[in-house]
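Fair warning: this is a prediction, and the values are worked out from it, not measured in the lab. Within every chain, numbering begins at 1; the chains are lettered A, B, ... in the order of the sequence lines, protein sequences first and strands thereafter.
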Amino acid sequence: MFEPHDQFLQRQQKLREIEQLGFDPYPHRFDATHAVPEVVEKFSAGSAENLDADQPRARVAGRILSLRSHGKTGFADLHAGGARLQAYFRRDTLGEKAYQLFKLLDLGDVVGVEGRIGRTKTGELTLFADQLILLAKALLPLPEKWHGLADVEQRYRQRYLDLIVNPRVREIFQTRARVITFLRHFLEARGFLEVETPMMQILYGGATARPFVTHHNALDLDLYLRIAPELYLKRLVVGGFDRVYEINRNFRNEGTSTQHNPEFTMLEFYQAYADYRVMMDLTEEMLTGLVRELTGGTTITYQGQQVDFSQWQRLSLREAICRYWLAGSAPDPADLADAAKARQVAAAHDRWAARHLESARLADVPQEASAAKASEHLFEVVVERQLIQPTLIYDFPTEISPLTKARDDDPTLTERFEVFAGGLELGNAFSELNDPIEQRRRFEQQAREREGGDEEAHQMDEDYIRALAYGLPPTGGEGIGIDRLAMLLTDSRSIREVILFPLLRPLRESPPAPAEPGEN
RNA sequence: GAGCCCGUAGCUCAGUCGGUAGAGCAUCUGCCUUUUAAGCAGAGGGUCGUGGGUUCGAGUCCCACCGGGCUCACCA
């Protein structure tokens, strides 16, 4: 007898035997009476006696992830919709031909089974099959059932396998979907209109990042994949859509990390006649509501730490640096407003950090840095990782916030805040700068920084300034990183765990694929 | 972009001091009509990521490359 050693060849051989028995290994449709989770939910409370009396029937489809054959009978576990249902097959019930089909089944095959719902003598809810239909033959073997698929690279490259054998992965993406659904409902309930704005843009803006470039052939035009939808959304507020939001992909041409994927999903929303204080309240309500929706409570665990969304703290950037200071006696917030003193503070921090490199990072503030730049560096190095509890950090320097309205009492600071929880930066919000003349000045400042070598400085956008010149109402705007929010709410350490197909370098050799038929 | 670590059967992993490659699950054969990480008996399966080098001899030591992970840098 022909006994190929390769499992792919063995399964092709079985496929031919199945066809010789007269079964179609890839039929066109199957009409189930129940989904597997429905059967489990509907009958899990039924006792053996009640099920015996009622003799309920079901016709279900699923993938076989376990097979236990006992001679003239056998058990198979059907998985579908995240649930498992055991089916029992007997030669004397199925008939000779269908039982031969059962003997030819492999782990991974998709089958339809019809029969009576009951319990085995060990009490397990079981579909006692009287019909078996092969719905799709699996030609490649699945990863092992007990340890699942652990190789991170293979999990990402072949996410379908990850989803089949690792139930937790399925849950992560279900949670991610629930996050997005909640945010949509939350915003819709408050009168926000969902819109879609260009992803291919002639000018890129709304964030500081390097873009991807693409080309439109018919127009012979280079285009940028957007780094943010911000400038288009505010044009819509000018146009009279007072409350708009968009949940969609942004693209930034930067390195990957556990917190960065080149394409990622952002929620941006804008509310006319609101300022950043209104957005602060809205943010707290939205994220606390989200945690409540997902968990029923207000506390989650992220990477071993409790994060309690029933309490939010609000700190200015400079207060936060002083509050979370680790390097000896803390500076005074006022020192951070002065460039020379701020640089001294940063230097003091780095002298300490150099002796604690296992737990601390250097701020590395440049010689000529402004107070703003020094504070920004210190904040990232000192504070960010310590912001485990939900926190809003406000009063960002004007210099690093070219689209943000400045404070009336201190034009070096803006009405801007960022959202943190679990040590992750989740969002960024501000009172939108709506003075077209001031906006032009800010763009011109950015252009100078660009000339000075800052590739990420903002581009001049004349049409945006023209839109502002028609009158943008006072507006609060905010961006929330959906992927990071999903990380926080699924206790995921890496952003790749919450993106179905994260970007990986291609392999030189293509993975094994089904060979041409007709061999052997 | 830099540093550190990893890559062995379909999957999960061992492999000591450099001496012809191992286990469990999966697969194949036989037995088995209520099992559930089913069981019993037997069998097959390897370009040790790729290419060089050292050596009588390399999965093991050295170099380069490929892929991945983590940390750092930048950001949301």
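The base of B:rU27 has none of its N or O atoms less than 3.5 Å from a complementary donor or acceptor on the side chain of A:Gln10. At a cut-off of 3.5 angstrom, counting only N and O atoms as typed in the model, there is no donor on one side facing an acceptor on the other between the side-chain of A:Asp77 and the base of B:rU36. The base of B:rU33 sits with one of its N or O atoms less than 3.5 Å from a complementary donor or acceptor on the side chain of A:Arg90. Between the side chain of A:Thr120 and the base of B:rU35, a donor-acceptor pair under 3.5 Å is found.
Between the side chain of A:Asp350 and the main chain of A:Ala347, no donor-acceptor pair closer than 3.5 Å is present. Side-chain atoms of A:Thr414 come within 3.5 Å of backbone atoms of A:Phe396 as a donor-acceptor pair (strictly under, hydrogens ignored). The backbone N or O of A:Phe75 sits nowhere less than 3.5 Å from a side-chain atom of A:Arg68 that would complete a donor-acceptor pair.
OP1 or OP2 of B:rC28 sits under 4.0 Å from a side-chain N or O of A:Lys14. Of the side-chain N and O atoms in A:Arg505, one or more sit less than 4.0 angstrom from OP1 or OP2 of B:rG67. Contact annotation: A:Arg11 side-chain N/O to B:rG10 OP1/OP2 distance is not under 4.0 Å. For the OP1/OP2 pair of B:rA73 and a distance below 4.0 Å, the side-chain nitrogens and oxygens of A:Arg361 include at least one atom meeting the criterion. Taking 4.0 angstrom as the limit, A:Gln86 places none of its side-chain polar atoms (N or O) nearer than this to OP1 or OP2 of B:rU35. At least one side-chain nitrogen or oxygen of A:Thr258 sits closer than 4.0 Å to the OP1 or OP2 atom of B:rU71. The phosphate of B:rU33 (OP1 or OP2) has no side-chain N or O of A:Arg68 nearer than 4.0 angstrom. A close approach under 4.0 Å does not occur between any side-chain nitrogen or oxygen of A:Arg155 and OP1 or OP2 of B:rU12.
The distance from atom CD of A:Glu144 to atom P of B:rU27 is 11 Å, rounded to the nearest whole Å. When rounded to the nearest whole Å, the span between CZ of A:Arg416 and C1' of B:rA76 equals 10 Å. If you take CG of A:Leu94 and C1' of B:rU34, they are 15 Å apart, rounded to a whole angstrom. Distance, A:Leu107 CG to B:rC11 P: 15 Å, rounded to whole Å.
Residue A:His260 places its side chain closer to B:rC74 than to any other of B:rG10, B:rA73, B:rC74. Proximity note for A:Pro143 (side chain, C-beta onward) versus B:rC11, B:rA26, B:rC72: the nearest is B:rC11. Distance from the side chain of A:Lys121 is smallest for B:rU35 among the nucleotides B:rU35, B:rU27, B:rC32. Looking at the side chain of A:Lys145, the nearest of the listed nucleotides B:rC70, B:rU35, B:rA26 is B:rA26. Residue A:Gln154 places its side chain closer to B:rC11 than to any other of B:rC11, B:rU36, B:rA76. Closest approach to the A:Asp151 side chain among B:rU12, B:rU33, B:rG69 is made by B:rU12 (side chain taken as heavy atoms from C-beta onward). Distance from the side chain of A:Met266 is smallest for B:rA76 among the nucleotides B:rC28, B:rC13, B:rA76. Residue A:His70 places its side chain closer to B:rA38 than to any other of B:rA38, B:rA76, B:rC11.
Note on ring orientation: taking the six-membered ring where Trp is involved, the planes of A:Tyr276 and A:Phe417 are tilted (angle from 30° to 60°). In this structure, A:His349 and A:Trp352 have tilted ring planes: the angle between them lies in the 30° to 60° band.
Checking A:Leu504 against A:Gly427, the closest nucleotide of RNA chain B that is more toward the 5' end is the one next to A:Leu504. Position along RNA chain B of the nearest nucleotide to A:Leu142 versus A:Arg157 favours A:Leu142 as the more 5'-ward residue.
The salt bridge (charged side-chain N to carboxylate O under 4.0 Å, His left out) test applied to A:Glu19 returns no partner, not counting sequence neighbours.
Side-chain contact of A:Thr197 with A:Arg226: a donor-acceptor pair under 3.5 Å is present, judged by distance alone. One side chain, A:Glu399 or A:Ser370, offers a donor N or O that lies under 3.5 Å from an acceptor on the other. Checked by atom type, the side-chain pair A:Ser492/A:Arg176 shows no donor-acceptor distance below 3.5 Å.
Within residues 224-234 of chain A, no residue approaches RNA chain B, by heavy-atom distance under 4.0 Å.
Shortest non-hydrogen contact noted between A:Met286 and A:Leu267 is CE-CD2, 4.3 Å. Closest approach of A:Ala228 to A:Glu268, counting heavy atoms only: CB-OE2, 3.9 Å.
In summary, of the residues considered (A:Arg91, A:Arg57, A:Arg116), a salt bridge (Lys or Arg N to Asp or Glu O under 4.0 Å) with A:Asp130 occurs for A:Arg57 alone.
Rounded to whole Å, the separation between the P atoms of B:rA41 and B:rG52 comes to 45 Å.
Residue A:Phe128 is in base contact, counting any heavy-atom pair closer than 4.0 Å across all strands shown.
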Strand RNA chain B in bracket notation, Watson-Crick/G-U under 3.5 Å with | for pairs to another chain
(((((((..((((.....[..)))).(((((.......))))).....(((((..]....))))))))))))....

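By the 5.5 Å and 30° criteria, A:Phe264 is stacked with the base of B:rA76.
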